[in-house]
Number of protein chains: 2
Amino acid sequence: MSVTARESYHHGDLKTALIVASEAIIRAEGVEGFTLRKAAKSAGVSPGAPSHHFNGTKGLLTAVAIRIFKQLGAELDALPSSGMPAQDLRTQALGYVTFAARNPGLFRLICRVDLIDFKDADLMQASFEALTHYAHAAAAYFGHEPTNLHHRVFRPHMASAMATAHGLAHMVIEGRPALLFDTPDPIGTFIETALPSILLATWPDPTSIDP
Amino acid sequence: MSVTARESYHHGDLKTALIVASEAIIRAEGVEGFTLRKAAKSAGVSPGAPSHHFNGTKGLLTAVAIRIFKQLGAELDALPSSGMPAQDLRTQALGYVTFAARNPGLFRLICRVDLIDFKDADLMQASFEALTHYAHAAAAYFGHEPTNLHHRVFRPHMASAMATAHGLAHMVIEGRPALLFDTPDPIGTFIETALPSILLATWPDPTSIDP
DNA sequence: CCATCAATTTGAACGATGTTCACATTAACA
DNA sequence: TGTTAATGTGAACATCGTTCAAATTGATGG
């Protein structure tokens, strides 16, 4: 059950052990099932130990969130590029929503402003970098230069593009598909059948021009 | 401080008093600042009293959520209709996001599936009815018949339209505008200047047809 | 008018949580 | 090898949601 067994008094690398244990707990039981004491016990350590490595529960969860943003960014980066802007943007959005659907607890964590410290510099950078690929795909679709996407005026089309994926992701983890569909397997069929058609309706392929 | 003073042993209408007190607490301190004991104290009652009227904290918060959905629905219903589908849809979306921006705690509540009972029949109906006007506006924009919007296949365009507003609302209460803009008053300027242009870019007016 | 019953409310429990702190242990280093 | 700073312990503490026997009162029927 515990992440790391221990024979000596000191742990060795309790900091990362706590982060790993916390991610596992949130994966299994959701953010609402996470407690600092569970994480400590899972790392084989007393309840007071984490205080020496993190600034309270918020500090630990912030470190976990950084880890999750990097995972999300890696998944989006790994998605194939077809060279066709519309399809690439749809692929990015599909990846974003799929990540949320497959990791609802972790996605909820990175949206819980009350649980993590969004003023943390590392977290801000990780959250920006996670969306770099998505933002570039959106910029390509709308014919914008992809430079200076962050800390600048948020272009209307790109804000709209970000909102679509973010909104769909929240709708999925809030169970809205189950309310709007009559399927026995709401999330699965939503991701595989409904979502692609939604994305196609949102960002259709450019119509060919007759000569 | 307490919502209702009391001279007799029994309260009279503790059930609604608890709902009103809870809404006030969430307005002032957010969902994360809400505790059942605070609500009981605000209603001038002992910590164990709410159990006789609600099925635990989740039951009380579900009742509050129903109240909030009705407020949201009333605000969307009160928005003017211009007869121009594009503008009406933008107006509805602006109203939706504005409600979230002005009532972040309450909007967070109605999205917290872990805190409220989304299988509750009254809550489901309230959540549906709150979005009726928005759904009709989206249906008009996309040329759909507005019948049977609920419990049926969610049309791709309408799902997209719902996702945009929902995603923008979440982005606002998650503080994303503050990360993406350099304004001292992130939410205010976002709602008043950036958001309209985002919505216009999402659902532009139909282009006039030359004769 | 009164007695009985059911509905409410109390207040003290209980277990669990995050955090703190004096103390124990040990790794790192002079 | 001895000293120091880092790391972990375990017992506190306040607060939380929940439960339950006892207390109080409104309502009902004689």
Side-chain angles (χ1 to χ4, degrees), chain A residues 1-22 25-26 28-65 105 109 112-117, chain B residues 1-22 25-26 28-65 105 109 112-117:
Chain A
M1 194 64 66
S2 61
V3 168
T4 311
R6 192 164 47 121
E7 68 286 354
S8 61
Y9 187 89
H10 288 78
H11 184 284
D13 194 1
L14 179 57
K15 189 163 185 173
T16 67
L18 284 169
I19 297 175
V20 172
S22 300
I25 293 173
I26 297 175
E29 312 175 37
V31 222
E32 65 277 8
F34 170 85
T35 68
L36 185 57
R37 292 175 108 105
K38 269 190 205 169
K41 177 181 242 181
S42 175
V45 115
S46 74
S51 301
H52 295 276
H53 298 275
F54 297 99
N55 189 15
T57 303
K58 183 174 267 188
L60 172 53
L61 289 182
T62 301
V64 177
L109 172 67
R112 287 289 296 274
V113 187
D114 56 324
L115 294 183
I116 61 187
D117 179 18
Chain B
M1 195 62 67
S2 62
V3 168
T4 312
R6 192 164 44 120
E7 69 288 354
S8 62
Y9 188 88
H10 288 79
H11 184 284
D13 194 2
L14 180 56
K15 189 164 186 174
T16 66
L18 284 170
I19 297 176
V20 171
S22 300
I25 293 172
I26 297 175
E29 311 176 36
V31 222
E32 64 278 6
F34 169 85
T35 69
L36 184 56
R37 293 175 106 106
K38 269 190 206 170
K41 178 181 243 183
S42 175
V45 114
S46 75
S51 303
H52 297 274
H53 299 275
F54 298 99
N55 190 15
T57 303
K58 184 175 267 188
L60 172 54
L61 289 182
T62 301
V64 177
L109 171 67
R112 287 289 296 274
V113 187
D114 56 323
L115 294 183
I116 62 186
D117 179 18

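To find a chain, count down the sequence lines: A is the first, B the second, and so on, and within it residues start at 1.
Atom C1' of nucleotide D/dC16 and atom CG of A/L36 are separated by 16 Å, given to the nearest angstrom. Atoms NZ (B/K15) and C1' (C/dA7) sit 14 Å apart, rounded to a whole Å. Rounded to an integer number of Å, the gap from B/N55 CG to D/dG17 P is 15 Å. Taking atom CD on B/E32 and atom P on D/dG17, their separation rounds to 14 Å, with Å as the unit. Rounded to whole Å, atom P of D/dT7 lies 12 Å from atom CG of A/L18. Rounded to whole Å, atom P of D/dA21 lies 12 Å from atom NE2 of B/H52. The interatomic distance linking A/H53 (NE2) with D/dA6 (C1') rounds to 9 Å, in whole Å. Across the protein-nucleic acid pair, A/R37 atom CZ and D/dC16 atom P stand 16 Å apart, rounded to whole Å.
Nearest approach of A/I26 to A/F34, heavy atoms of both residues: CG1-CB, 4.0 Å. Shortest non-hydrogen contact noted between B/L115 and B/L61 is O-CB, 3.9 Å.
Map A/P47 and B/L14 each onto its nearest nucleotide of DNA chain C; the residue landing nearer the 5' end is B/L14.
Closest to the B/T35 side chain, of the nucleotides D/dT19, C/dT20, D/dC16, is D/dC16. When distances run from any side-chain atom of A/T57 to the nucleotides D/dG17, C/dT19, D/dG8, the shortest one goes to C/dT19.
The environment of CG in B/D114 is crowded: more than 12 heavy-atom neighbours from other residues, nucleotides or ligands sit within 6.0 Å. Around NZ of B/K15, the count of heavy atoms belonging to other residues, nucleotides or ligands within 6.0 Å does not exceed 12.
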